[in-house]
Amino acid sequence: MKNRTGTFQYPHHNKLFLPLVDFDGKIGIEGPPQPITYQAGKATFIPAGMRIDVEAGSQEDVRFAALRIPDEIYRQTFGKPRPPDVREMLNVDDPLAAHLTRAVMLASRADDDKMLVDHLTHALVTRTGGWYADRPPPSDDRPLHDRIHRVVEYIEANLAEPMMIAELAGVAHLSPYHFARSFKNVVGVPPRRFIIERRVIRAQGLIRDGKMRSFADVAFASGFASQSHMNDAFRHVLGCTPGQYRRQISG
């Protein structure tokens, strides 16, 4: 690949760079470029939306592979959007990810083998996703209330998706234990109860709207695992079933 020097931003896809040779350059992530030695076979991952400033130098032997990984592939692979707090990672020593990157690049040249490209890309996304799962939460100087507020916004944006405590703790940059206690102190209820209550409120809105006649459709659109799960939540939060609630607002 030719040298790339300049400012770039990719709003809707992530970038994975794999140097094919060692070379010196500079890279800035949301800031001024800093010196870096790119090492052959060690990947650099840039999440979607980040502004990057790259100086690859004038060396004739600067060569690297670059892959575009749409955020939609993260959703397809993990069943939910890429976490919003994912940061860049530079010179990650992961031979399997390097081999998968090369395999995707080679398979992409065969226009009639899109299925193979898709399978390899999903495997690569699964592998790079593990870089963050195994990493301790980054430090965060924001006040605790601000971090919990960000979690509340994340819950609202992903209410119809499955959510794990560890996932929410990552959004707040806290350990799962510290997060659960901090969330209750700030919001007033434990995170699981808050999610259920917000899902009940969303289901109430869908029932009032009247466009969904099936309670099963309302349940899944609100993030409940089943209609039975929604029934139990309504009884616990409102003291009535969804059917009773519909009759109350219709009368």
Side-chain angles (χ1 to χ4, degrees), residues 1-4 8-29 34-50 52 54 56-57 59 61-139 161-167 169-171 173 175-176:
M1 177 172 288
K2 295 180 179 179
N3 295 358
R4 295 293 298 274
F8 308 96
Q9 190 168 31
Y10 309 96
H12 305 298
H13 62 263
N14 309 275
K15 266 295 198 187
L16 186 68
F17 298 95
L18 184 71
L20 304 179
V21 296
D22 292 352
F23 64 91
D24 294 325
K26 291 184 179 181
I27 187 169
I29 314 293
Q34 302 294 326
I36 184 175
T37 297
Y38 295 95
Q39 301 176 48
K42 293 188 178 182
T44 288
F45 179 81
I46 308 296
M50 286 192 167
I52 57 175
V54 179
Q59 306 156 13
D61 62 346
V62 170
R63 290 181 291 127
F64 56 89
L67 284 180
R68 300 192 333 163
I69 305 177
D71 260 349
E72 178 60 23
I73 293 183
Y74 275 86
R75 178 185 287 275
Q76 294 171 4
T77 303
F78 296 110
K80 63 188 68 178
R82 176 178 54 80
D85 61 327
V86 166
R87 298 293 300 175
E88 74 280 357
M89 298 192 77
L90 309 177
N91 279 337
V92 178
D93 188 9
D94 188 332
L96 180 55
H99 284 306
L100 285 169
T101 301
R102 294 188 183 96
V104 173
M105 297 294 291
L106 289 172
S108 297
R109 297 170 186 166
D111 295 335
D112 59 344
D113 212 351
K114 185 177 184 302
M115 184 176 293
L116 176 59
V117 174
D118 288 344
H119 284 309
L120 289 170
T121 303
H122 281 285
L124 179 60
V125 168
T126 301
R127 184 67 180 183
T128 57
W131 298 346
Y132 296 93
D134 297 335
R135 188 180 59 165
S139 60
E161 306 287 344
M163 280 180 273
M164 304 296 291
I165 293 298
E167 172 188 351
V171 174
H173 294 173
S175 70

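All heavy atoms count here, side chains included; hydrogens, waters and symmetry mates do not.
With sequence neighbours excluded, the residues satisfying side-chain contact (heavy atoms from CB on, under 4.5 Å) with Ala103 are Leu120. Among residues two or more places apart in sequence or in another chain, the side-chain contact (heavy atoms from CB on, under 4.5 Å) test is passed with Leu96 by Asp94, Leu100, Arg127.
In this structure, Gly41 and Ala98 approach most closely via the heavy-atom pair O-CB, 3.5 Å.
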